[in-house]
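Just below is one structure, and these are the notes that go with it.
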Amino acid sequence: MGIISWIILGLFAGGIAKTLLPGRSPGGLFATTLTGVAGAFVGGWLSARFLDRPVEEDFFDLYTWGAAIAGSLVLLIAYRSLAGNSRD
């Protein structure tokens, strides 16, 4: 997959992670989007490194999507716990 595919995958993964983990996110839509893109990269790396499941070249691979969403969830939880709620 190319960099554009990873960015698109990250945008969708960030949106899905935000849907699965509702509530207020500090930073709004832009920060959630960046978290999704970074989560896609982190999830893919963790999957290849520790689960011995390298990221496939196919954009529609279920494991690639699962790793991207899981990475986005982890980063979104970490971001919320570190940044707190900036809208108070």
Side-chain angles (χ1 to χ4, degrees):
M1 270 191 328
I3 189 74
I4 300 298
S5 297
W6 273 107
I7 291 172
I8 293 169
L9 176 65
L11 292 173
F12 284 118
I16 292 169
K18 175 79 169 125
T19 302
L20 293 174
L21 192 66
R24 293 180 139 177
S25 292
L29 179 65
F30 183 71
T32 302
T33 301
L34 286 179
T35 303
V37 172
F41 284 107
V42 169
W45 178 79
L46 289 173
S47 175
R49 178 82 171 140
F50 296 110
L51 300 177
D52 197 30
R53 175 79 179 152
V55 175
E56 299 293 326
E57 293 293 322
D58 186 20
F59 182 77
F60 296 105
D61 182 44
L62 183 62
Y63 292 108
T64 302
W65 279 87
I69 293 168
S72 296
L73 280 170
V74 168
L75 288 182
L76 187 59
I77 290 168
Y79 179 65
R80 282 184 181 181
S81 66
L82 291 175
N85 191 354
S86 63
R87 295 182 185 182
D88 283 340

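Interatomic distance, OG1 of T35 versus CG of L76, reported as 6.0 Å (0.5 Å rounding). Atom OG of S72 and atom CH2 of W65 lie 10.0 Å apart (nearest 0.5 Å).
Using cut-offs of 30° and 60° on the angle between ring planes, the pair F50 and W45 is perpendicular.
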Let me see the working for I69 and L20 under side-chain contact (heavy atoms from CB on, under 4.5 Å), right down to the final yes or no. CA-CA 10 Å; I69 293 168; L20 293 174; 4.2 Å; yes

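Remark: L11 engages I7, T33, V37 in a side-chain contact (heavy atoms from CB on, under 4.5 Å) (not counting sequence neighbours).
No chain of hydrophobic side-chain contacts below 4.5 Å, direct or via other Ile, Leu, Val, Met, Phe, Trp or Tyr residues, connects V74 to L82.
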